[in-house]
Amino acid sequence: MKKEFKMSRERFEELQKELNYLKTTRSDEVAEMIKVARGFGDLSENSEYDEAKNEQGKLYSRIGELEDILLHAVILEEGDLPTGQVTIGTTVTVTAVKGGASRTFKIAGSQEADAMHGVISEDSPFGKALMGAREGQVVTVAAPAGDMQYTVEKIER
């Protein structure tokens, strides 16, 4: 079974725009880089040509990755998600059972995760532990330092 990439409609559209940009504008830019580099002479000792070909490889790799993601995308509509429990698209506040420190996270699909900004993936260990939890419930998160427990304080959509 192929992996499903769960995401919002906004993220799906962002990825479509990126793919379109890479296939048109960026592809033309890289082709021009290769053309210019060829003009510098002997390709066996031409670092500009090597760099342009490396850039082309990165471009094709990202295009392939985006095509796969978009092909297997599952767009989550807010109205279809259950209420009163942690799901993709909810913002959840948790408090550590030991230590009492509170933190707030937004749960997102793997293509939207941004841990630096408090957006965690449903596929991450923390996200998996939180999925389906309700307010007041204690969840256990497997961490390298050992299992940690958190109480779900608040769930917002």
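All figures in this text were calculated on a predicted structure; none of them were measured in a lab.
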note = When every non-hydrogen atom of Val119 is compared with those of Ala108, the smallest separation belongs to CG1-CB, 3.5 Å

key: Partners passing side-chain hydrogen bond (donor to acceptor under 3.5 Å, both in side chains) against Glu14 (at least two apart in sequence or in another chain)   = Arg11

message = Quick one, Glu156 with Lys154, criterion salt bridge (charged side-chain N to carboxylate O under 4.0 Å, His left out). Give me CA distance, side-chain angles, the key distance, then yes/no.
response = CA-CA 7 Å; Glu156 299 174 289; Lys154 186 176 182 183; 3.6 Å; yes

task = Kindly write out the residues that satisfy side-chain hydrogen bond (donor to acceptor under 3.5 Å, both in side chains) with Tyr21, not counting sequence neighbours, or none if the list is empty.
result = none

Nearest-0.5 Å distance, CG of residue Asp114 to NZ of residue Lys106 = 12.0 Å

inquiry  = With a 4.5 Å cut-off on side-chain heavy atoms, are Ile34 and Glu32 touching?
reply    = no

inquiry  = Return the OG to CD distance between Ser8 and Glu112, rounded to the nearest 0.5 Å.
reply    = 3.5 Å

message = Could you work out, with salt bridge (charged side-chain N to carboxylate O under 4.0 Å, His left out) as the rule, every residue matching Glu13, not counting sequence neighbours?
response = none

Check ion pair Glu18-Arg62 (N to O, under 4.0 angstrom) = yes

message = Can you list, by chain and residue number, the hydrophobic cluster partners of Val138 when the side-chain cut-off is 4.5 Å?
response = Val97

note = Between the CD atom in Glu67 and the CG atom in Leu15, the distance rounded to the nearest 0.5 Å is 12.0 Å

task = Rounded to the nearest 0.5 Å, what's the gap from CG on Leu71 to CG on Leu66? Could you check?
result = 12.0 Å

Any side-chain heavy-atom pair of Asp147 and Val141 under 4.5 Å = no

request  = Determine the minimum heavy-atom distance between Gln137 and Gly132, stating which atoms define it.
outcome  = OE1-O, 4.4 Å

key: Side chain proximity check, Gln149 to Val139, heavy atoms < 4.5 angstrom   = no

query = What orientation do Phe126 and Phe105 show, parallel under 30°, tilted 30 to 60°, or perpendicular over 60°?
reply = tilted

query = Is Arg26 salt-bridged to Glu55, going by a charged N under 4.0 Å from an acidic O?
reply = yes

ask   = Are any of the side-chain heavy atoms of Ile107 and Val92 separated by less than 4.5 Å?
value = yes

query = So, for Ala129 and Thr140, which heavy atoms are closest and what is the spacing to 0.1 Å?
reply = CB-O, 3.4 Å

query = Should Val74 and Met7 count as side-chain neighbours, where that means a heavy-atom distance under 4.5 Å?
reply = no

query = Tell me the side-chain hydrogen bond (donor to acceptor under 3.5 Å, both in side chains) pairs involving residues 118-130, sequence neighbours left out?
reply = Lys3-Asp123

query = Just checking, any donor-acceptor pair under 3.5 angstrom between side chains of Thr93 and Thr104?
reply = yes

task = For residues Ala133 and Ile155, report the shortest heavy-atom separation together with the two atoms involved.
result = O-CD1, 3.6 Å

query = Quick one: CE on Met33 to CD on Gln56, what's the gap to the nearest 0.5 Å?
reply = 9.5 Å

note = Smallest heavy-atom separation, Leu130 atom then Val86 atom, equals O-CB, 3.2 Å

note = Glu48 meets the side-chain hydrogen bond (donor to acceptor under 3.5 Å, both in side chains) criterion, sequence neighbours left out, with none

request  = Could you tell me whether the side chain of Thr87 reaches within less than 4.5 Å of the side chain of Thr90, counting heavy atoms only?
outcome  = yes

request  = Please report the closest heavy-atom contact between Val94 and Val152, naming both atoms and the distance.
outcome  = CG1-CA, 4.3 Å

query = Does the side chain of Gln16 come within less than 4.5 Å of Leu70's, by heavy atoms?
reply = yes

query = Got a second to check how far Leu19's CG is from Ile69's CD1, nearest 0.5 Å?
reply = 10.0 Å

request  = Determine whether Asp68 and Phe5 make a side-chain contact, defined as any pair of heavy atoms from C-beta on separated by less than 4.5 Å.
outcome  = yes

